[in-house]
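Contents: one structure, followed by commentary.
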Amino acid sequence: MIALENFSTGVPVAAGQGQQMPLGAILAGAKLNRGSIERLQEHLAADFSTSGDWFSLCRGLRRKGVCLKFREGTLWLYDAVTHAAVAACEDLGIDPDELELRFGPSHP
């Protein structure tokens with residue numbers, strides 16, 4: 001489950017504990033199942049659909065505790081705090097080619 005976030009640091013808050021927990025600690029390290037993929041897609045959908053450029057996309061994602069990076073030629077989401085790989089964008093149904101058409105040459 002994706003927890004509520006502390007937007008001052010971009011790090012999700014662990015549910016019921018009041019402690020900050022990096023998104024990578026919640027999602028990375030294990031293969032994402034269908035439910036966690038759907039929650040992550042829901043969590044990030046607005047940023048991917050409403051951003052008008054790479055800067056606004058990266059800023060919005062950073063506020064939600066993730067960042068974009070290339071890994072072996074593929075665009076991935078990483079935990080913004082621990083820099084742990086979370087998921088490939090393609091695994092989340094995000095087409096990097098479509099982003100490049102919308103925003104111009106790859107930025108992350």
Side-chain angles (χ1 to χ4, degrees):
M1 182 172 125
I2 296 174
L4 297 175
E5 297 157 1
N6 176 345
F7 286 94
S8 65
T9 62
V11 180
V13 175
Q17 299 174 359
Q19 300 173 349
Q20 294 181 355
M21 179 178 284
L23 185 62
I26 298 168
L27 298 172
K31 186 174 179 180
L32 295 176
N33 62 31
R34 184 179 178 108
S36 59
I37 288 173
E38 288 173 358
R39 286 189 299 274
L40 188 56
Q41 287 170 326
E42 229 176 74
H43 185 62
L44 304 175
D47 294 297
F48 281 100
S49 64
T50 62
S51 296
D53 55 33
W54 285 112
F55 178 77
S56 60
L57 174 62
C58 291
R59 183 182 59 209
L61 293 176
R62 177 76 177 169
R63 287 180 180 155
K64 292 185 177 179
V66 295
C67 59
L68 293 172
K69 293 183 185 182
F70 280 101
R71 178 177 170 180
E72 299 174 7
T74 304
L75 191 60
W76 277 68
L77 285 171
Y78 279 76
D79 181 279
V81 175
T82 65
H83 301 284
V86 175
C89 287
E90 291 176 349
D91 293 343
L92 299 173
I94 300 162
D95 184 0
D97 294 332
E98 180 185 328
L99 294 177
E100 197 165 309
L101 285 173
R102 284 175 49 204
F103 304 148
S106 299
H107 175 268

Which atom of [X] lies closest to which atom of [Y], heavy atoms considered:
X     : Y     : result
Ser56 : Ser51 : OG-CB, 3.6 Å
Glu90 : Pro96 : CG-CD, 3.7 Å
His83 : Tyr78 : O-CD2, 3.1 Å
Ala85 : Arg71 : CB-NH1, 3.0 Å
Ala46 : Thr50 : O-OG1, 2.6 Å
Gly60 : Asp47 : CA-OD1, 3.4 Å

key: Residues which pass salt bridge (charged side-chain N to carboxylate O under 4.0 Å, His left out) with Arg34, listed by chain and number, not counting sequence neighbours   = Glu38
With side chains defined as the heavy atoms from C-beta onward, is the minimum distance between [X] and [Y] less than 4.5 Å?
X     : Y     : result
Trp76 : Val86 : no
Leu44 : Leu77 : yes
Leu57 : Leu68 : yes

Would the distance check show the side chain of [X] and the main-chain N or O of [Y] forming a donor-acceptor pair, the cut-off being under 3.5 Å?
X      : Y     : result
Trp54  : Leu99 : no
Arg102 : Asp53 : no
Lys64  : His43 : yes

ask   = To the nearest 0.5 Å, how far apart are CD in Gln41 and CD1 in Ile94?
value = 7.0 Å
message = Using the side-chain contact (heavy atoms from CB on, under 4.5 Å) definition, which of the options Leu61, Leu92, Asp95 pairs with Phe48?
response = Leu61
